[in-house]
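Here is the structure we will look at, set down as structure tokens.
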Amino acid sequence: MSTITNELFIYNSLTGQKEKFEPIHENRVGMYVCGPTLYSEPHMGNMRTFINFDMIYRYLLKLGYQVKYVRNITDAGHITNSTGDDVDSIGKVARLEQVQSLEIVYKYNVNFQELQRIYNMLPPNIEPTATGHIQEQIEIIEQIIENGFAYVVNGSVYFDVRAYSEKFEYGILSGRKVDELAEETRTLNAQDEKRFFADFALWKKANPDDMQIWRSPWGNGNPGWHIECTAMSTKYLGSQFDIHGGGLDLKFPHHEDEIAQNCGSLGCNPAKYWMHANMLNVNGQKMSKSLGNYFLPKEIVEGTTAVFDKPYAPNVIRFSMMQAHYRSTLDFTSDSLNAAEKGFTRLSEAIDKLEKLPTVETSSQDVQAIVASFYKAMGDDFNAPILLANIFEAVKYINSISDGNATISKADLELLSTELTSFVLDVLGLSLSKASTDSKLAPVMDLVLDIRKTARENKDWTTSDKIRDGLAAAGIVVKDGKEGTSWS
RNA sequence: GGUUUUGUGGCCGAGCGGCUAGGCAGCGGUCUGCAAAACCGUCUACAGCGGUUCGAAUCCGCUCGAAACCUCCA
């Protein structure tokens, strides 16, 4: 009952069910996550996806798996919008940016690495780029053509969905049926070269305004926008690996087409478990520039977005995200973030208390059960909100011990301390600012608080409050507890 | 229109057939020189209408509302 379990169930988007996680190779996990496109700075919604998969990665590590985590960087593909009628100013701006595509890639790559640090994300084992794998993409396209699931038209290569559907099931992930797709009233572009409207490009003949062009057996051009993931995932993880993740918005067509490409070239679905992270809303709506609720991950930390009237620490953002399940939409509002801020403070203060807790012979609570509840929550499809709920039960217990209303044994304290900090730091990826262990500040604070203590003993409230107010102005909060005064 | 989801208390969010979610806010206490924190107690829920069931927020149907995707855009 209170046994710690490392059983893990994962909701598989492919089957629509929670399934027991059994890696293809014992103790090893191959995980591929669709990464950012470096033609703009990822917004907060993109970051939620990456942070959620960071949490998933961290829990897999916590369970002792040897994880190979691959997340691509999209720095190539179709960057043109050759509609021919970009007379509006937005089109002109886009055109300008295209001219500088390489610069933009460098710029946003640096930016993205910085964001990963700010939000305390573990780096993947490999971050391959699309432009570094053009040859692999070409080889897979050749294989698909050879297998009869793609055709060449005028320097471009298209995936043949109808031919594919005779042998495989197109739409297996998204639930779309080829026949139903066919009934759609969507009108095709007049210049369309595709045999069937559901066909998609594997290789696209170069346009005159393309800045990045590669040679191929079919002439100069660009790879299609799904093929890079197929090329890089199979190269680094093999034709079949354990987990493929990404944002929910990538489910169709991107992931659906990845499956088609993998089946069409290698004959199998690339991933055993497909995982999709849900979207982030702001003030009840999808983030959108026109709605005025759009902001960047750095802006919210720096307080430079007009959406919120104060900055929020990366820890608070992460904490807030961890309070929602990765498969649910999450709404960011000032109220929800303020609540998260206070909740996170409560959590970190309890963890600070851990090392000073008094121990006795017996514990008044079943610590083993508390710790088991942590694993159980995460084992149920990475249910971080339940984990946090259970952690807050532990927080209450810790505070009670600190107040003398509950007890804990030495062995239990060690267990609780180790596991709690591990789940908070290693799994949820939160970091605690331990001001009280600051080597330079600590002796000063000891001195100051000692003076204040003397003043309080003499009932010299003026001096005592002056010290407290002065420290508060410097950002240091003083709290008078039963066991003495603490600060943070 | 199609596919996939979704609608929980003042706010954010779990639960998904019977058992307290949790955080924040509110109210009443305890503690405290005051403050803060903490602790104890407590109040607001499951969109609506039917159905299945001994029993439904949880399953099914309908109505109303919301979201993502629907192909060259990661």
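Order of the sequence lines fixes the chain letters, A, B, ..., with proteins taken first and strands second; residue numbering starts at 1 for each chain.
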Interatomic distance at C1', B:C11 relative to B:G17, whole Å
29 Å
- Donor-acceptor pair under 3.5 Å: do we get one between A:S464's side chain and the base of B:G33? yes
Task: Atom P, compared across B:G23 and B:C40: separation rounded to whole Å - done: 10 Å
Next item on the list: Starting from the C-alpha separation in whole Å, work towards a yes-or-no answer on side chain to side chain contact (heavy atoms under 4.5 Å, CB included) for A:L420 and A:V395.
Entry: CA-CA 10 Å; A:L420 183 61; A:V395 165; 5.5 Å; no
In whole Å, what separates the P atom of B:G48 from that of B:A56? 15 Å
Check for me whether A:R318 meets the cation-pi criterion with A:Y119, that is, NZ or CZ under 6.0 Å from the six-membered ring centre and within 45 degrees of the ring axis.
no
When A:Y397 and A:K286 are each assigned the nearest nucleotide of RNA chain B, the 5'-most assignment goes to A:Y397
Separation of B:U4 atom P from A:H276 atom NE2, nearest Å, is 15 Å
For nucleotides 18-29 of chain B, 5' to 3', base contacts (B), sugar-phosphate-only contacts (S) and non-contacts (-) with protein non-hydrogen atoms under 4.0 Å give ---BBBSS----
A:K353 atom NZ is separated from B:A36 atom C1', nearest whole Å, by 12 Å
Rounded to whole Å, the CD-C1' distance (A:E457 to B:G33) equals 13 Å
Of A:D257 and A:D249, the one whose nearest nucleotide on RNA chain B sits closer to the 5' end is A:D257
Once you apply a heavy-atom cut-off of 4.0 Å, does A:L330 come out as touching a base, just sugar-phosphate, or nothing?
sugar-phosphate
Using atom C1' in both nucleotides, what's the gap between B:C34 and B:A57 to the nearest angstrom?
46 Å
Ranking B:A37, B:C69, B:C11 by distance to the side chain of A:E349, first place goes to B:A37
- What does A:V478 touch in the nucleic acid at a heavy-atom separation under 4.0 angstrom: a base, only the sugar-phosphate, or nothing? base
Self-check item: Check: A:F112 ring centroid to A:Y108 ring centroid under 6.0 Å
Solution: no
Original post:
Under the 3.5 angstrom rule, does the side chain of A:Q137 hit a backbone N or O of A:A130 as a donor-acceptor pair?
Top reply: yes
Under the criteria of a ring-centre distance below 5.5 Å and an interplanar angle below 30°, is A:W225 stacked with the base of B:A74?
no
note: A:I259, atom CD1; B:C69, atom P; distance rounded to Å ~ 18 Å
Note to self: Using the ring centroid of each side chain, check whether A:H244 and A:Y273 are separated by less than 6.0 Å.
What the structure shows: no
If pairing means Watson-Crick or G-U wobble with both distances under 3.5 Å, then the partner of B:A66 is B:U5
- request: Measure from the ring center of A:Y158 to the ring center of A:F200 and say whether it is less than 6.0 Å.
  value: no
Paired to B:U32 by Watson-Crick or G-U wobble criteria (both distances under 3.5 Å) is none
- Touch class at under 4.0 angstrom, heavy-atom based, for A:D465 against every strand present: base
Of the candidates B:A37, B:C72, B:A74, the side chain of A:K479 sits closest to B:A37
Is A:S328 close enough to B:A14 that one of its side-chain N or O atoms is under 4.0 Å from OP1 or OP2 there? yes
From CG of A:L347 across to P of B:A38 the rounded distance in Å is 12 Å
Taken to the nearest whole Å, CG/A:L428 to C1'/B:A14 is 15 Å
Of the listed B:C39, B:C72, B:G33, the closest approach to the A:S400 side chain comes from B:C39
Inset, instruction - Check for a donor-acceptor pair, side chain of A:R71 on one end and backbone N or O of A:C34 on the other, with a separation under 3.5 Å. - result: no
Please give the distance between the P atoms of B:A45 and B:C39 as a whole number of Å. 26 Å
From CH2 of A:W487 across to C1' of B:A37 the rounded distance in Å is 17 Å
Please find out if less than 6.0 Å separates the ring center of A:F295 from that of A:F308. yes
Contact class for A:H226 vs. all strands (heavy atom < 4.0 Å): base, sugar-phosphate, or nothing?
nothing
Check: P atom, B:G61 versus B:U5: distance in rounded Å?
Finding: 13 Å
Fill in: is_close_aromatic(A:Y69, A:F53), centroid dist under 6.0 Å
no
When rounded to whole Å, the CD1 to C1' distance for the pair A:I317 and B:C12 reads 14 Å
*Looking only at atom P, what distance separates B:C16 and B:U20, rounded to whole Å?*
14 Å
Ranking B:C72, B:U4, B:A38 by distance to the side chain of A:D403, first place goes to B:A38
**Message:** Can you check the distance between B:G13 and B:C24, where both ends of the measurement are the P atom (answer in whole Å)?
**Reply:** 16 Å
- Query: Between A:W274 and A:H255, is the ring centre distance below 6.0 Å?
  - Reply: yes
